[in-house]
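For reference, the structure is listed below as structure tokens.
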Amino acid sequence: MNKKKLVLIGNGMAGVRAIEEILKLSQDSFDITIFGTEPHPNYNRILLSKVLQGDTEVKDITLNDLEWYEENNITLYTGETVTKIDSEMKVVYSDKEKVVPYDELIIATGSVPFILPLPGADKEGVTAFRDIKDTDIMLEASEKYKKAAVIGGGLLGLEAARGLLNLGMDVTVIHISPTLMERQLDHTAGKMLQQELEKQGMKFLLEASTAEIYGDERVEGLRFKDGSELEADLVVMAVGIKPNIALAGESGLEVNRGIVVNDFLQTNLPNVYAVGECAEHNGIPYGLVAPLYEQGKVLAKHICGEQTDGYKGSVLSTQLKVSGVEVFSAGDFMEGDDKKSLKVFDEQDGIYKKIVLRGNKIVGAVLFGDSKEGSRLFSMIKKGADISDTEKISILQPIGEEAGESLVASMPDDEIICGCNGVSKGAIVQAIKEKGCTSVDAIKGCTSASRSCGGCKPLVADVLQYTLGSDFDAAAQKEAICGCTTLSRDEVVEEIKAKGLTHIKEVMNVLEWESEGCSKCRPALNYYLAMVNPTGYADERESRFVNERMHANIQKDGTYSVVPRMYGGVTNASELRRIADVVEKYEIPLVKVTGGQRIDLFGVKKDDLPKVWQDLDMNSGYAYGKSLRTVKTCVGETFCRFGTQDSMSLGIRLEKKFEGLQTPHKVKMAVSACPRSCAESGFKDIGFIGIDGGWEIYVGGNGGTHVRGGDLLYKVKTDDEAMEITGAYLQYYRETANYLERTSAWIERVGLEHVQSVLDDKNKRAELNAHMDETLSVYKDPWKEIIEDQKTKKELFETVSL
Ligand SMILES: Cc1cc2nc3c(=O)[nH]c(=O)nc-3n(C[C@H](O)[C@H](O)[C@H](O)COP(=O)(O)OP(=O)(O)OC[C@H]3O[C@@H](n4cnc5c(N)ncnc54)[C@H](O)[C@@H]3O)c2cc1C
Ligand SMILES: NC(=O)c1ccc[n+]([C@@H]2O[C@H](COP(=O)([O-])OP(=O)(O)OC[C@H]3O[C@@H](n4cnc5c(N)ncnc54)[C@H](O)[C@@H]3O)[C@@H](O)[C@H]2O)c1
Ligand code: SF4
Ligand code: FES
């Protein structure tokens with residue numbers, strides 16, 4: 001069969017999704033060529049917010065990798081822009097002088113961010129937030145600079161601002177309206193959102209109009225129309241987007257705000273379609289993926305000659321992707337003459353829910369503080385559900401399982417459950433029936449549903465409930481350790497034990513990983529394997545994060561920091577002398593005392609690391625590791641007149657025993673000899689406070705991003721008891737926590753009482769301590785190991801000059 005030539009301009013989310021839909025319908029009808037200006041295969045733009053917020057990495061957001069293009073015989077030109085369409089000759093021209101003929105052409109050029117035409121908008125440090133390049137600019141700026149200004153308090157601006165806060169920047173959002181996200185939220189929800197974000201540390205300038213961006217080459221600040229100023233080293237413009245129509249306009253297509261298309265996504269020119277943000281349907285260019293995926297489906301059917309009713313426009317719903325804030329908005333969310341609202345406002349718990357009714361039909365909703373019902377309300381809005389038989393207020397209550405199930409039952413198979421990823425009910429049911437998925441996270445692994453904003457999770461759970469019936473146990477909902485598998489942490493650990501798995505590749509093969517592993521699962525597996533088999537497992541260095549591979553913390557200029565172990569924060573003249581000699585000999589630019597009571601040497605060159613360690617002749621302080629970091633101590637009874645216990649002695653004993661212990665996340669301890677707690681024992685993973693006749697042991701404290709006071713675990717009389725409880729507690733944490741779960745999160749998840757009930761059992765405590773001792777028996781100081789291992793030293797630390 002003679003294949004038709006199909007060209008796609010724009011290798012983004014909408015265009016490639018349309019191609020996927022076409023391939024589903026007809027694998028062999030087209031010779032496909034795709035042009036994309038960006039130098040990457042198709043990736044999930046939505047997840048850039050999560051990349052900036054530190055929840056995922058760029059390499060994990062690819063939607064279609066290069067193999068996918070190859071497998072489907074697609075010719076892909078990345079980093080190449082189509083500059084002209086000749087619709088007479090039916091060819092496209094690229095900026096790299098390619099001329100490619102087409103029988104069918106799809107334009108999916110997306111949008112361009114709107115850049116305010118301000119004086120200074122072209123200065124270094126001013127960026128949009130649209131693609132990987134912009135994300136990299138922000139990530140890099142956050143390493144060097146402190147003050148960020150985000151212009152625009154819409155979805156994009158707030159997600160960018162949250163990311164920059166996570167990166168340690170001081171962030172001010174400049175917004176033109178009196179309330180945030182005014183395109184999605186009413187006044188009440190907008191104000192509640194502002195308050196919540198202010199609590200998270202975000203600052204706001206509302207009703208502020210920027211007049212100028214000042215600075216030399218790089219931005220130094222913003223000047224407003226009222227003459228006031230704000231200092232900024234980074235400015236992010238997030239003031240909306242414009243459909244990218246330049247190419248289409250120049251090539252004779254009918255354009256308005258977007259490229260004008262009909263219900264079949266056809267433009268005014270024959271065999272030329274437009275889909276995605278660049279297209280305008282019935283006067284609307286859409287800016288969210290759900291409608292773009294709906295368009296892609298229709299386009300595919302039409303181009304493949306299948307029957308379709310055409311695209312009829314979309315009702316929109318949005319969910320802000322900022323952790324700790326639940327905001328949902330859908331449909332027509334403002335009251336008006338013919339629209340009345342129903343509201344619930346719980347000031348105490350910060351929850352606000354509103355539905356907007358036109359007659360007996362729900363046409364819109366806004367949820368703040370609790371958005372669990374969002375996807376169900378959205379489904380009702382899309383259907384125009386009649387609520388005359390329902391007690392109105394009950395619509396705002398969490399609906400029970402039965403209601404959820406019956407809603408799902410009434411959905412056709414092709415109804416989209418996850419708008420962000422375009423996953424239908426049918427695809428989820430198929431994953432449950434054919435791939436054995438039994439949890440929301442397993443479905444995420446199989447279908448990508450719930451992978452982006454997460455708003456569809458409750459509906460995915462309802463589909464599970466409906467499909468599995470009595471086999472569905474909501475309590476057994478589990479989280480897959482990453483997108484490469486559907487297995488949870490507990491299942492993986494059980495399989496490692498039951499099948500005697502010994503290395504990462506074997507785990508992946510036997511447990512049928514869907515890929516070669518990712519930055520999330522590889523370090524986790526490395527930890528679980530060592531935890532299960534401490535004496536037999538050979539650490540896979542390449543699966544560790546860079547700092548753990550190098551046994552030093554990499555700094556933003558590429559040098560390293562070195563922290564030698566100082567047990568209990570106690571040192572002596574000989575150690576200090578060696579440190580001083582090393583600082584001089586290796587010209588170390590900064591020496592700093594850390595919060596953990598030790599000395600940090602900053603600016604050490606990679607090649608010098610082994611030599612520095614050798615000259616120091618001290619053990620590694622593991623300041624880089626998921627392991628015991630420090631045991632901070634107060635001076636205690638030896639010197640302090642309030643002290644009732646010997647804090648330094650217990651601290652040194654603890655640090656010597658648990659030195660180098662690998663744990664799911666870092667562990668910090670402190671020992672204070674009286675309740676004044678000078679070593680801040682209440683905010684450590686394990687903290688000891690001296691009392692008359694013994695010690696109080698506090699656990700689960702944290703002084704970092706999520707501050708948490710420790711819970712009293714036990715009171716003990718002697719140092720030996722304190723050591724025994726600590727060993728058992730730490731081992732139980734090691735055996736049951738998820739990799740990268742701090743003790744503060746773990747104790748909240750499993751419950752203090754549960755941990756106490758485990759440790760109350762003397763035999764269990766002895767068993768845990770025996771496992772702990774086995775683990776500690778194989779510990780060797782990594783610095784000393786590397787100094788003696790010429791091969792590793794050469795591979796890791798010698799810079800090869802070319
Ligand atoms: C940070 C961020 C977070 C977001 N979060 C959400 C969310 O939570 N939910 C949601 O629904 N939506 C979200 N969006 C919006 C969503 O990403 C877009 O609606 C979607 O990506 C649009 O898809 P598209 O294919 O139309 O355009 P794009 O994904 O922009 O793809 C267009 C591609 O075409 C390329 N191109 C343009 N012109 C040419 C040419 N002449 N030749 C070759 N290539 C060309 C562009 O470089 C681009 O790669 C978010 C957007 C951003 C930036
Ligand atoms: N979670 C999500 O669904 C999500 C996340 C990010 C982006 N997006 C999409 O990406 C696109 C871009 O997002 P966006 O937030 O830039 O667009 P937007 O149009 O939704 O919001 C832009 C905001 O900037 C404000 N603004 C306009 N001019 C301004 C000025 N001079 N000074 C200060 N503020 C000004 C507007 O009042 C508006 O609230 C949208 O289509 C959006 O839907 C969606
Ligand atoms: S915690 Fe108590 S014993 Fe320790 S230094 Fe402070 S006051 Fe003294
Ligand atoms: S709707 Fe956003 S992840 Fe499913």
Side-chain angles (χ1 to χ4, degrees), residues 44-50 110-111 113-118 128-130 149-160 173-185 190 205-211 222 224-225 236-243 277 285-292 316-322 327-329 374-375 378 416-423 440 443-444 447-460 633-648 670-681 688-690:
N44 191 337
R45 202 172 295 287
I46 296 179
L47 291 179
L48 288 177
S49 301
K50 303 254 178 181
S111 292
F114 184 67
I115 299 293
L116 295 171
L118 300 172
F129 182 21
R130 179 72 195 174
V150 176
I151 309 184
L155 288 157
L156 186 66
L158 296 178
E159 289 181 11
V173 176
I174 294 103
H175 191 52
I176 204 151
S177 300
T179 55
L180 299 175
M181 277 176 59
E182 78 286 355
R183 296 182 183 173
Q184 292 86 12
L185 300 180
L205 288 178
L206 299 179
E207 296 180 83
S209 194
T210 316
L222 300 178
F224 300 101
K225 290 216 170 121
V236 182
M237 291 230 199
V239 291
I241 49 175
K242 289 184 299 187
E277 284 188 348
Y286 291 92
L288 293 166
V289 287
L292 314 185
L316 300 180
S317 79
T318 49
Q319 185 115 4
L320 183 69
K321 302 192 294 298
V322 165
V327 190
F328 170 86
S329 162
S375 42
F378 184 46
I416 297 291
I417 299 280
C418 172
C420 291
N421 298 292
V423 186
V440 174
I443 286 174
K444 175 160 74 175
T447 67
S448 280
S450 82
R451 187 165 177 234
S452 306
C453 72
C456 55
K457 276 186 183 170
L459 206 50
V460 174
T633 63
C634 78
V635 289
E637 66 174 10
T638 326
F639 287 98
C640 177
R641 62 202 168 92
F642 299 112
T644 55
Q645 301 294 331
D646 188 349
S647 46
M648 284 191 289
V671 189
S672 305
C674 87
R676 287 172 184 76
S677 193
C678 292
E680 296 156 342
S681 303
F688 301 81
I689 294 191

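Order of appearance sets the numbers: ligands from 1, and atoms from 1 within every ligand.
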So which of V173, L155, L206 gets nearest to atom 4 (C) of ligand 2, if we judge by its closest heavy atom?
-> L155
Mind checking whether P675 contacts ligand 3 via backbone (N, CA, C, O), side chain (CB onward), both or neither, at a 4.0 Å heavy-atom cut-off?
-> neither
For ligand 2, which atoms have a heavy atom of G152 less than 4.0 angstrom away?
-> 24 (O), 33 (C), 34 (N)
Protein heavy-atom partner closest to atom 1 (S) of ligand 4 - residue, atom, separation in Å | G419 N, 3.5 Å
Considering only heavy atoms, which of I176, V150, I241 lies nearest to atom 12 (C) of ligand 2?
-> I241
Under 4.0 Å from any heavy atom of L116, which atoms of ligand 2 are there?
-> 31 (N)
Presence of N, O or S from C456 under 2.8 Å of atom 2 (Fe) of ligand 4 = no
For S450, the atoms of ligand 4 under 4.0 Å from one of its heavy atoms are 3 (S), 4 (Fe)
Any S677 heavy atom less than 4.0 Å from ligand 3 | yes
Options S329, S317, G287, ranked by nearest heavy atom to atom 9 (C) of ligand 2, top entry = G287
Does C674 put an N, O or S atom under 2.8 Å from atom 8 (Fe) of ligand 3?
-> no
Below 4.0 angstrom from a heavy atom of G240, which ligand 2 atoms are there? Numbered from 1 as shown, please.
-> 14 (P), 16 (O), 17 (O), 19 (O), 22 (C)
Numbering the atoms of ligand 2 from 1, which are under 4.0 Å from a heavy atom of I174?
-> 33 (C), 34 (N)
Work out which heavy atom in R130 is nearest to a heavy atom in I241; give both atom names and the distance.
-> NH1-CG2, 4.0 Å
